[in-house]
> 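Following this message is one structure expressed as structure tokens.
Chain identifiers are assigned alphabetically (A, B, ...) following the order of the sequence lines, protein sequences preceding nucleic acid strands; residue numbering begins at 1 within each chain. As the structure is a computational prediction, the values presented were derived from the model and not from experiment.
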Number of protein chains: 2
Amino acid sequence: MTTMSNRYQAEAGKNRPTMRHVAALAGVGIKTVSRVMNDEPGVSDATRQRVLGASQQLNYQLDMAAGSLRRTGRQTLSIGLLLPSVANPFSSEIHRALEDALAARGIAVFAASLDDDPEREKSLVAAFLGRRVDGMVLTPIARNQSYVIPEHSRDLPMVFIDREPVGIEADAVVTDNAVGAARAAAHLMAQGHTRVAYLGDRTDIQTARERRRGFIEELGRAGIATSTVPVREGLHNEDSARRAALDLLTAEEPPTAIFSSQNLITFGAMRALKELGASRRTALVGFDDFTLADMMDPGITVIAQHPERIGKLAAERLLARIDGDSSPAQTYVVPSELIQRGSGELPPVS
Amino acid sequence: MTTMSNRYQAEAGKNRPTMRHVAALAGVGIKTVSRVMNDEPGVSDATRQRVLGASQQLNYQLDMAAGSLRRTGRQTLSIGLLLPSVANPFSSEIHRALEDALAARGIAVFAASLDDDPEREKSLVAAFLGRRVDGMVLTPIARNQSYVIPEHSRDLPMVFIDREPVGIEADAVVTDNAVGAARAAAHLMAQGHTRVAYLGDRTDIQTARERRRGFIEELGRAGIATSTVPVREGLHNEDSARRAALDLLTAEEPPTAIFSSQNLITFGAMRALKELGASRRTALVGFDDFTLADMMDPGITVIAQHPERIGKLAAERLLARIDGDSSPAQTYVVPSELIQRGSGELPPVS
DNA sequence: TTGAAAGCGCTAACAA
DNA sequence: TTGTTAGCGCTTTCAA
């Protein structure tokens, strides 16, 4: 005991104190310290106070990693979140909603950015697994997610967001992409447009394909020959979208309305219209809402997604799985919403 | 040995395999598995292959937490990042730059949102510490950061961003708030403005006070009686800024130019100007750049911060500290930049 | 109410 | 080149 006191009590403040240091200083056993630090019952008030005092004096902090190593269930109270980019506004709102739902349970979030790189997806998932996260929320980008099947079978909770996974049956939370895009088509046709162009993202992205499908099919249902619909795809940034829009608008028989399938593409279309002085002549509906959309001239009509709802729902599903829910995997669809601001209500001008 | 084989090899796939399982399957000692998994030398090629095979067959994954528990230096390859909100565009760009710089070293990032709550700051820092992060990047909001002195003295690397910490000497990376605001003042005066209003954030925020000081002092240096400068402070969202701007602009002797000290305040000012039809009559310079600023009419002139540089620099400082740099704490200043887009170049109209 | 001993999955130190 | 033993900081188990 004297040895222990000497050994642990005397050590300088450079090294982080452990339970043994606290125990030695308080003159109790290490298990008693453990009980106090974890708010477990079975410790007298006097002892508890003594331990608390020692712990504060040493500035002691429980080591979660060491604890969860032995603890049954072995939870780390951390999860992994994989996003296209943490800097993407849509992603970061999902992130925020998730964080809020998980913070209530003391769960910390590892966030990482994919940058559309399938290899990164796999290595970031591996990094999460190596840190023994209690669950993962993933935006899939790789062709196939079957590489996580082993972990999923070991009951590691997993929720996919924005896009459904391929090759594995797991929970997913997605927007009604096709329905939303169809709504955009119907809205433009209701204003009298029949010549409506589609500006789309890279076709290897599932949501982009869904939006295209929903849009075109709705035009078809209204009797428009879908083969005549001007379609420009593979656009992945503002400038390629801008050029595609300029191209369409300066061709013969330009469209009287444009549907842009994503934020950056909408920005590109807006620029093209502005350059041509056609902002009040050509109708525009964009998928994804954005800051200041209502401050544009005219205001930009959009199909808004609800990232907060996606994040919240994903967190709820993840927590349910962590708590042992073993019902079959399911895809949850968060409805999008048409927000009229002017650009989508312009009548056709030929 | 037979016992071990039975015990570890036969277990079902539900439990995560450990090194012992791999060792048993490969017919080697556990330390050999450790060597292979950590790419350490001193293992014959044949043995290495056998271990690798067994590890893949079992879908084995090294447990970083368990490893770092014993490993000298005890690094977890994770850091904590505290932001006003992960959903704030300025914050999330810093986050992204940090992530990129740290990913190269295999370091994962715990991100959390403060929401201007000093209590949250402390509890989130405690959560990071309990997870034994290798370092922290913090946006301070509490009055005082002396509560982390014990950890800082134990050589836990820490870099403060956006605002300087109080009560502790630690590295910080900040924007030249006063200088940037002064640049806005000088720019507006160069257009001939003498009656310039200031719309500012809550005065308990250090950067808000700095911006105000820089702005007012620059007006004073030019001979403007600083007591006559119309100042509205304590604005913390778009609508309060909008109302303050409306108030100023509809009073007697309205300002001919406005400086707004932050993103949301700029949006509020823009709305007020639009409502009054004064967008082309009253000059506006905002602190903080934002998406589509150039698409407004007129384009919005701003003092742009450089979140990517702040994030990158913070990461560099953190890594240097993690690598043992023990030079005195220092504050690094990232210069802001005036971007002219039209709104700040309007001449005074009375 | 309290604490000693074992062991979580791994690496350090050392021996073979 | 390989393996054995101890032990990281903690919780579990069980005995006092």
> Output all residues satisfying salt bridge (charged side-chain N to carboxylate O under 4.0 Å, His left out) with A:Asp162, sequence neighbours left out; order by chain, then residue number.
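For A:Asp162 there are no salt bridge (charged side-chain N to carboxylate O under 4.0 Å, His left out) partners, ignoring immediate neighbours.
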> Tell me every residue that passes side chain to side chain donor-acceptor pair (under 3.5 Å) with B:Asp134, counting only those two or more places apart in sequence or in another chain.
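Per chain and number, B:Asp134 pairs via side chain to side chain donor-acceptor pair (under 3.5 Å) with B:Thr76.
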> Rounding to an integer number of Å, can you tell me how far A:Arg16 CZ sits from D:dC10 C1'?
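Checked: the CZ to C1' distance equals 15 Å.
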> Using OP1 and OP2 only, check whether a side-chain N or O of B:Thr47 sits under 4.0 Å from D:dT2.
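Answer yes for this pair, as a side-chain N or O of B:Thr47 is under 4.0 Å from OP1 or OP2.
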> Once ring pair (Phe, Tyr, Trp, His ring centres under 6.0 Å) is applied, what residue pairs with a partner in residues 100-137 of chain A remain, sequence neighbours excluded?
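Applying ring pair (Phe, Tyr, Trp, His ring centres under 6.0 Å) to every pair that reaches into residues 100-137 of chain A, excluding sequence neighbours, yields A:Phe110-B:Phe110.
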> For A:Ser113, give me all partners under side chain to side chain contact (heavy atoms under 4.5 Å, CB included), at least two apart in sequence or on another chain.
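With sequence neighbours excluded, A:Ser113 shows a side chain to side chain contact (heavy atoms under 4.5 Å, CB included) to A:Ser85, A:Val86, A:Arg120, B:Arg96, B:Glu99, given in chain and number order.
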> Can you check the B:Leu129 CG to D:dG9 P distance for me, whole Å?
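Those two atoms, CG and P, are 16 Å apart.
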> Round to a whole Å and report the spacing from CG of B:Leu69 to P of C:dC10.
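One finds 12 Å between P of C:dC10 and CG of B:Leu69, rounded.
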> Can you tell me the distance, in whole Å, between the CZ atom of B:Arg20 and the C1' atom of C:dC10?
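In whole Å, C:dC10 C1' and B:Arg20 CZ are 10 Å from each other.
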> Donor-acceptor check, side chain of B:Arg16 to backbone of B:Asn59, threshold 3.5 angstrom: yes or no?
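Not a single qualifying donor-acceptor pair exists.
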> Please, which pairs that meet salt bridge (charged side-chain N to carboxylate O under 4.0 Å, His left out) have at least one residue in residues 60-70 of chain A, sequence neighbours excluded?
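Counting only pairs at least two positions apart or across chains, the salt bridge (charged side-chain N to carboxylate O under 4.0 Å, His left out) contacts touching residues 60-70 of chain A are A:Asp63-B:Arg74, A:Asp63-B:Arg132.
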> Send over the distance from B:Arg50 CZ to D:dT1 P, rounded to a whole Å.
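To the nearest whole Å, that distance equals 14 Å.
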> Report the distance from atom NE2 of B:His21 to atom P of C:dC10, rounded to the nearest whole Å.
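Interatomic distance, NE2 of B:His21 to P of C:dC10: 10 Å.
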> I need a per-nucleotide contact map over nucleotides 11-16 of chain D, read 5' to 3'. Cutoff is protein heavy atoms under 4.0 Å; write B for the base, S for backbone only, - otherwise.
BB----
> Counting side-chain heavy atoms from CB outward, which of D:dG9, C:dT1, D:dG3 is closest to B:Thr32?
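For B:Thr32, the side-chain atoms sit closest to D:dG3.
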> Return the value, rounded to whole Å, for the distance between atom CZ of A:Arg74 and atom C1' of C:dG7.
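Distance check: A:Arg74 CZ to C:dG7 C1' gives 13 Å.
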> Within this structure, what is the CZ-to-C1' distance between A:Arg132 and C:dG9, rounded to whole angstrom?
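In whole Å, C:dG9 C1' and A:Arg132 CZ are 9 Å from each other.
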